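Below, all heavy atoms of this structure are taken into account, side chains as well, without hydrogens, waters or symmetry copies. These figures come from a predicted structure and were not determined experimentally.
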Amino acid sequence: MLDIKLIREQTELVKYALVSRHMETGIIDEVIALDEKRRALILDVESKKAERNSVSKEIGRMKDKAEKEAMIASMRALGDQIDSLDEELKGIESNLYFQLATIPNIPNPDVPVGIDDKDNVVIRTVGEKKSFDFDPKPHWDLGPELGIIDFEAGVKLSGSRFYVLEGAGARLQRALIFWMLDLHIRQGYREFYPPWMVREEVMFASGQLPKFEDNLYHDAEEDFWWVPTAEVPLTGIMMGEVVDEANLPLNMTAYTACFRREKMSAGRDVRGMKRGHQFDKVEMYKYCLPENAEQELDSMVADAAATCEGLGLIYRVLLQSTGDLSFGSHKTYDIEVWAPGCQEWLEVSSISNIGQFQARRANIKYRPADGSALQFVNTLNGSGLGLPRTLIAVMENYQQADGSIVIPEVLKPFMGGIEVIRK
RNA sequence: GGAGGGAUGGCCGAGCGGCCGAAGGCGCCUGUCUUGAAAACAGGUAUAGGGCAACCUAUCGUGGGUUCGAAUCCCACUUCCUCCGCCA
């Protein structure tokens with residue numbers, strides 16, 4: 001959520017941000033008009049309240065019965081006016097709030113202006129694509145042949161975009177989760193195990209609602225929302241809190257399943273396990289001072305990159321263009337790993353500096369060490385990494401001519417002696 | 001699922017429908033004293049919104065209601081605790 005004062009005082013900047021995201025700017029004018037109306041009403045209703053308060057105090061001290069009755073009557077009338085003004089004000093404020101909640105974050109000036117993900121800029125590519133003396137298979141062939149992925153069973157159980165991992169495949173995914181969490185702990189993150197279902201206000205705080213309801217699963221009976229990413233509970237965990245500056249940055253990591261309806265991506269990536277309705281992810285999250293956010297972003301990118309490197313995967317880092325930048329993001333890097341079987345770069349991590357956008361929605365502040373006024377913290381989040389795609393990359397990169405898969409060195413301690421997955 | 005009891009500032013904890021943004025204590029900050037510290041003493045110490053400002057408004061778990069006026073009375077909800085039942 002943007003600061004209404006920013007919109008008021010730097011209108012052109014905010015409008016330009018929307019233009020760079022290919023959005024209409026009319027909402028900005030609407031919001032400003034609402035804000036003006038709101039402030040005029042506040043002026044009016046608050047002066048009436050001040051009068052009522054002071055007269056009410058007098059009434060308490062009055063002796064003369066008749067005079068008292070007259071005062072009470074006139075205050076009753078004033079109270080009615082206040083009620084109707086208050087109601088009008090409330091309507092305007094909730095309208096204003098709702099409009100503000102649908103305005104996306106302002107991109108960092110570094111962010112390249114573009115139409116979509118094709119305009120993302122490759123910052124660097126690390127590693128050489130492995131050469132194979134045979135045709136590397138895609139995971140949707142490899143997995144079933146080895147008996148470690150069962151796509152039919154997924155469909156039988158739950159429909160399309162579901163799959164079952166079994167045997168060494170299930171174990172390999174678990175090994176990845178264990179190893180990644182351990183790595184992030186060594187990188188200075190604190191591990192969390194949050195709920196996977198949250199209240200509506202938590203979804204709102206992280207920016208998933210009200211705009212992206214279509215992509216979320218919701219239990220109507222209990223009014224729970226299933227998390228589409230651990231970013232949601234990790235934002236919610238600090239909702240309404242004030243942190244001492246000395247305790248920043250707060251670095252968190254969490255493993256959760258993620259649930260997404262993928263309505264907006266209908267028909268995309270239907271083959272294999274690139275895009276399921278349920279997938280596992282290890283997430284990294286930071287709360288930090290505004291002045292450190294850029295540097296924390298770089299360090300989180302390095303932490304995610306180290307995850308790829310530890311697994312021996314070829315990866316590239318991209319800077320998202322304004323056309324691809326998510327709703328709440330100020331600046332986002334993607335990390336993609338090369339999958340030789342399906343012959344594509346797979347996005348395994350998206351690392352974003354959200355600025356104060358989420359903190360404002362979630363009301364998360366810090367108390368500056370010098371005792372000055374409370375400020376909103378900045379938040380950052382990044383995958384470290386998304387599991388199915390990392391699993392795909394490992395399978396496809398470590399496959400051998402006979403269809404077996406070698407276990408990457410760092411995962412061996414978690415595989416119970418398995419060094420190669422064979423039929 | 002049933003019964004009962006709570007929710008007040010950074011923390012603990014008072015609070016009669018008006019003099020309560022809220023006693024008192026702790027903590028923290030500033031000052032006096034001290035070579036320095038501690039102690040003692042004095043003062044200060046919530047958040048947000050509006051206003052150029054003086055200042056005003058709102059907030060005592062959340063949302064409604066009663067009233068000229070609500071931390072205080074009424075209703076609903078959330079949440080915590082205790083007990084009973086059920087259960088992985």
Do any N or O atoms of the protein come closer than 3.5 Å to N or O atoms of nucleotides 74-77 of chain B, and which pairs are they?
none

Please tell me if [X] has a side-chain N or O lying less than 4.0 Å from either OP1 or OP2 of [N].
X     : N     : result
A/R38 : B/G49 : no
A/R39 : B/G51 : yes
A/R52 : B/C56 : no
A/R61 : B/G18 : no
A/N53 : B/U57 : yes

Which is true for [X] with a 4.0 Å heavy-atom rule: it touches a base, it touches only sugar-phosphate, or it touches nothing?
X     : value
A/K90 : sugar-phosphate
A/K48 : nothing
A/L78 : nothing
A/R8  : sugar-phosphate

Can you tell me the distance, in whole Å, between the [atom1] atom of [X] and the [atom2] atom of [N]?
X      : N     : atom1 : atom2 : result
A/L96  : B/G49 : CG    : P     : 13 Å
A/I82  : B/G50 : CD1   : C1'   : 16 Å
A/E241 : B/G10 : CD    : C1'   : 12 Å
A/M239 : B/G61 : CE    : C1'   : 13 Å
A/D86  : B/G64 : CG    : P     : 10 Å
A/I72  : B/U66 : CD1   : C1'   : 15 Å
A/L100 : B/G49 : CG    : P     : 13 Å
A/L43  : B/G50 : CG    : P     : 11 Å

Electrostatic pair A/R38-A/E93, nearest N-O below 4.0 angstrom: yes

Any salt bridge between A/D223 and A/R199, counting N to O under 4.0 Å? no

Exactly one candidate in A/V348, A/D280, A/I392 meets side-chain contact (heavy atoms from CB on, under 4.5 Å) with A/L387; the answer is A/D280

For the [atom1] atoms, the ones on [N] and on [M], what distance do you get once it is rounded to whole angstrom?
N     : M     : atom1 : value
B/U72 : B/G6  : P     : 15 Å
B/G69 : B/G18 : C1'   : 7 Å
B/C83 : B/G10 : P     : 32 Å
B/C12 : B/A38 : P     : 26 Å
B/G17 : B/G13 : P     : 23 Å
B/A71 : B/G21 : C1'   : 10 Å
B/A42 : B/U57 : P     : 32 Å
B/C73 : B/G1  : P     : 28 Å

Given the side-chain rings of A/F192 and A/Y255, with only the six-membered ring counted for Trp, is the space between their centroids under 6.0 Å? no

A/K57 or A/A50, whichever maps to the more 5' nucleotide of RNA chain B: A/K57

I want to confirm an ordering. Mapping A/I4 and A/A73 to their closest nucleotides on RNA chain B, which one lands closer to the 5' end? A/I4

Using purine N1 to pyrimidine N3 plus N6-O4 or O6-N4 for Watson-Crick, or N1-O2 and O6-N3 for G-U wobble, each under 3.5 Å, what pairs with [N]?
N     : result
B/C16 : none
B/A3  : B/U82
B/C33 : none
B/G69 : none
B/U45 : B/G27
B/C87 : none

With distance as the sole test, does A/H184 use its side chain to make a donor-acceptor pair with the main-chain N or O of A/G384 at under 3.5 Å? yes

Of the candidate nucleotides B/A48, B/C68, B/G49, which contains the atom at the shortest distance from the side chain of A/I59? B/C68

A/E46 (side chain) and B/G49 (base): donor-acceptor pair under 3.5 Å: yes

Would you check if [X] and [Y] make a side-chain contact, meaning some heavy-atom pair closer than 4.5 Å?
X      : Y      : value
A/I351 : A/T332 : no
A/N378 : A/E296 : no
A/I7   : A/I103 : yes
A/C258 : A/Q278 : no

May I ask you to check if A/R361 and A/F204 form a cation-pi contact, with NZ or CZ under 6.0 angstrom from the six-membered ring centre and within 45° of the axis? yes

